[in-house]
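Just so you know, ligand 1 is whichever comes first in the structure, and atom 1 is the first atom listed for that ligand.
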Amino acid sequence: MNKSIELRQFATPDDVAAAATDRIAQAAAEAIATRNRFVWALAGGQTPEKVYERLAEPSVAATIDWTKTFILWGDERCVPPDDPGSNFRMATEALLRHVSIPTDHVLRILGEAPPAQEAARYEHQLRKLLGDEAPIDLTLLGAGTDGHTASLFPGSAAAAERDRWVVDTPGPKPYRQRITLTLPRIRNSRHIIVLLTGVEKRPIVAGMMEQTHADWPVLAACPNKGTALWLADQAAVG
Ligand code: 6PG
């Protein structure tokens, strides 16, 4: 078992979403109480949608001070913001348009911009927000069946990047071009939560438990100080 990862198992995807929501609200309260703001990097893909929808429920949304929350993305597909594949669009539909977050607190990756140029711009934005040292308070991630996380694919130059915070990278169809935070940037997070639901994610959990596949970026996505929290359902754990 990887000592930098804590695995918690739940019966269903809804239970995983409930646990994730609780942890996100805790991280927000801690950050705002301590530093008067909460900087949260959202995950893309489909798995986090249940979490975002739950957070948008009025009784749950009320547990977070959205006026002191800053939203980043761990990665984005290079598509326009209204594209069905946009991670920004999914998060906006499921959560962001339902909560009172100041528009200038939402740092969208411009999927429609030239990728290399946007990667540089986004890194500059993050450095303005965080300075050169400050951790992201919470980075929420998913994992692909090949062991990728964000858009860091095994064996890619992006996954090997150790200096830049944001890079553009090729990805599998249908999203051939992506922009992603790099591992050094992701690891400089106070908290990292990885969501794993469904039987197709079982090899990822097994790979972590058996310490195989050292080249999987998701296994390296752990905080510099602390452990990554993996929230998985029964189907993914087996
Ligand atoms: C993306 C995500 C990616 C995702 C995994 C899992 O933009 O696709 O950032 O890393 O988290 O591919 O995707 P699912 O949640 O859809 O299984």
Have a look at Thr139 and tell me which of Val39, Ile193, Ile192 forms a side-chain contact (heavy atoms from CB on, under 4.5 Å) with it.
->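 Only one of Val39, Ile193, Ile192 forms a side-chain contact (heavy atoms from CB on, under 4.5 Å) with Thr139, namely Ile192.
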Apply the side-chain contact (heavy atoms from CB on, under 4.5 Å) test between Ile24 and each candidate in Val51, Thr63, Val60, Asp137; give the one that qualifies.
->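 One option only clears the test, and that one is Val51.
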[atom]: nearest protein contact (heavy atom, Å):
| atom | result |
| --- | --- |
| atom 16 (O) of ligand 1 | Gln46 N, 2.8 Å |
| atom 15 (O) of ligand 1 | Thr47 OG1, 2.6 Å |
| atom 6 (C) of ligand 1 | Ala143 O, 3.4 Å |
| atom 13 (O) of ligand 1 | Gly45 CA, 4.0 Å |

Return a yes/no value for Arg77: is any of its N or O atoms, backbone included, closer than 3.5 angstrom to an N or O of ligand 1?
->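 The answer is yes, given that Arg77 and ligand 1 share an N or O pair closer than 3.5 Å.
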State whether the shortest distance between N or O atoms of Asn87 and N or O atoms of ligand 1 falls below 3.5 angstrom.
->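 Yes, since at least one N or O of Asn87 sits under 3.5 Å from an N or O of ligand 1.
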With heavy atoms under 4.0 Å as the rule, classify the contact between Asp75 and ligand 1 as side chain, backbone, both or neither.
->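 Contact part for Asp75 vs ligand 1: side chain (C-beta onward).
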After noting the C-alpha distance and the side-chain angles of Glu30 and His191, does the key distance pass the side chain to side chain donor-acceptor pair (under 3.5 Å) rule?
-> CA-CA 11 Å; Glu30 167 203 343; His191 304 284; 3.0 Å; yes
Should Val106 and Val166 be regarded as members of a common hydrophobic cluster, given that ILVMFWY residues are connected when their side-chain heavy atoms come within less than 4.5 Å of each other, either directly or indirectly?
->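 The answer is yes; both residues are in one hydrophobic cluster.
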As an exercise, identify every atom of ligand 1 less than 4.0 angstrom from a heavy atom of [X].
| X | value |
| --- | --- |
| His148 | 3 (C), 5 (C), 10 (O), 12 (O) |
| Ala150 | 2 (C), 3 (C), 9 (O), 10 (O) |
| Gly142 | 11 (O) |

Under a heavy-atom criterion of less than 4.0 Å, does Lys201 contact ligand 1?
->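 Within the 4.0 Å threshold, so yes.
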Value rounded to 0.5 Å, distance of OH in Tyr122 from CD1 in Ile179 |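 It is 10.0 Å, given to the nearest 0.5 Å.
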Partners passing salt bridge (Lys or Arg N to Asp or Glu O under 4.0 Å) against Asp75 (at least two apart in sequence or in another chain) =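 Salt bridge (Lys or Arg N to Asp or Glu O under 4.0 Å) list for Asp75, sorted by chain: empty.
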Taking atom CD of Gln46 as the centre, does the number of heavy atoms from other residues, nucleotides or ligands within less than 6.0 Å exceed 12?
->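 No.
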Go through the steps to decide whether Glu93 and Arg89 satisfy the test salt bridge (Lys or Arg N to Asp or Glu O under 4.0 Å), and finish with yes or no.
-> CA-CA 6 Å; Glu93 292 299 311; Arg89 173 178 164 174; 5.3 Å; no
